[in-house]
Amino acid sequence: MMSDLSEQHILLGISGGIAAYKTPILVRRLVEAGARVQVVMTANAHKFVTATSLQAVSGFPVRDNLWDPAAEASMGHIELARWADQILIAPASASVIARLANGDASDLLSTLCLASPAPISIAPAMNQQMFQHPAVQRNLATLRGDGCRIIGPDSGDQACGDQGPGRMTEPEDLVMALTQQQLATDATSNTPLHGRKVMVTTGPTREAIDPVRYISNHSSGLQGLAIAEAARRAGANVIVIAGPGVPEAHGDIQRVDITTAQQMHDEVHAHLANTDVFIGVAAVADYRPANAAAQKIKRHKQDEMQFTLVQNPDIIGSVAQTGRAKVVVGFAAETNDTLQNARDKRTRKGLDAIVVNDVSDHSIGFNNSDNAVTLIHQQGEVEFARQPKTAIAEKLVAQITDLFAASLVH
Ligand code: CTP
């Protein structure tokens with residue numbers, strides 16, 4: 001058994017579900033992994049497991065009541081909330097999930113979740129039909145958006161005779177998930193990007209010609225997404241402003257979807273407060289039709305068509321101008337005089353660094369899983385030969401981390 005949870009104070013919330021019968025084993029496994037565990041039960045949890053067993057295995061009195069004067073006198077609930085390094089709710093019933101998603105504080109467990117800054121992991125357990133109900137899925141999505149981690153559920157035979165997703169993740173696997181999470185946190189807690197806010201724009205934008213047609217480009221958003229994920233792994237709080245068609249990001253990444261360059265500009269500035277590093281990977285359409293037609297343009301009514309294009313705002317330029325992000329990194333796709341164009345673009349836009357790729361080579365870049373780029377910053381240039389975008393992302397984030405660390409010194 002790994003002992004990477006040593007020194008961890010884990011508050012285990014148990015709600016009313018048949019899987020609660022497994023929680024004494026779960027407590028045992030957590031304690032074996034080195035954790036100190038205090039248990040909080042909801043009223044319905046008592047119908048499936050006894051407080052006596054849980055007290056015996058955890059070595060702490062079990063809490064279940066916000067208004068218990070004796071318990072409050074020994075350790076008040078706010079003190080208990082502060083004691084926790086992390087909160088695990090297993091099993092998490094549909095109703096406890098709904099309470100948490102609503103910020104409800106009607107019982108001890110939900111109050112502790114609101115009062116504690118500790119990360120919260122949730123192991124849902126319920127009938128498969130309930131689990132798949134849109135209301136439950138909506139609440140889980142809300143919790144994910146709030147930064148909670150959802151573990152499981154497993155799929156298979158259920159106590160009620162059904163088959164499907166809704167079985168609580170097994171105690172051993174829950175301990176493994178918490179351990180891995182802890183290892184990842186330990187690995188990043190000393191890196192400069194840990195807890196810093198990184199904003200990434202990625203993907204194309206679409207500029208309407210009429211209600212059904214638009215101007216856009218071939219950007220897939222994959223390079224930006226890979227950079228966002230690498231920054232997340234480096235411990236940053238990442239927000240992605242994504243154009244149309246960009247695939248799903250990791251659940252821990254905040255995501256804002258936009259369609260047009262103007263919307264991207266507005267969302268970037270709406271979320272810019274406290275941004276430490278801004279990375280503009282998006283292939284923003286530089287121009288948009290001056291007047292998008294309100295109705296579909298009809299072919300049989302005109303032989304030729306002309307429209308005027310007007311410039312979109314320069315998003316990254318406007319971010320650099322605010323001086324709010326400590327490091328601003330741009331991307332440049334060039335077809336000729338690649339390096340010189342990029343050097344000029346970096347200074348023209350006031351960027352700390354620019355990453356350039358030569359898009360005249362169709363085997364890399366747009367819509368391809370490989371890329372080859374050069375990072376240009378004030379002190380030098382670093383070349384990355386052709387490799388997967390994920391590998392490029394990892395190396396670029398390492399370089400950007402160094403630039404960020406240097407910006408803190410100056
Ligand atoms: N960019 C932006 N807003 C725009 C256009 C581009 O934020 N309206 C960002 C891109 O995300 C990228 C960088 O600027 O990080 C370079 O984009 P590019 O289109 O090459 O720059 P342009 O200003 O369009 O320069 P050029 O004169 O070469 O067209």
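Counting starts at 1 for both ligands and their atoms, following the listed order. Since we're looking at a predicted model, the values are computed, not measured. Note: hydrogens, waters and symmetry copies are ignored here, and every other heavy atom, side chains too, is used.
Enclosure of atom CZ in Arg82 is not indicated, since only 12 or fewer non-hydrogen atoms of other residues, nucleotides or ligands lie within 6.0 angstrom. Residue Phe60 qualifies as enclosed at atom CZ: its count of foreign heavy atoms under 6.0 Å is above 12. Annotation for Gln340: atom CD counts as buried by contact number, over 12 foreign heavy atoms lying within 6.0 Å. Heavy-atom neighbours of Asn336 CG from other residues, nucleotides or ligands within 6.0 Å: above the threshold of 12.
Enumerated by chain and number, the residues approaching ligand 1 to less than 4.0 Å through a heavy atom are Gly280, Ala282, Val284, Asp286, Pro313, Asp314, Ile315, Ile316, Gly330, Phe331, Lys345, Arg348, Lys349.
His377 is linked by a ring-ring contact (aromatic ring centres under 6.0 Å, His included) to nothing, counting only residues two or more places apart in sequence or in another chain.
A donor-acceptor contact closer than 3.5 angstrom is absent between the side chains of Asn44 and Thr42.
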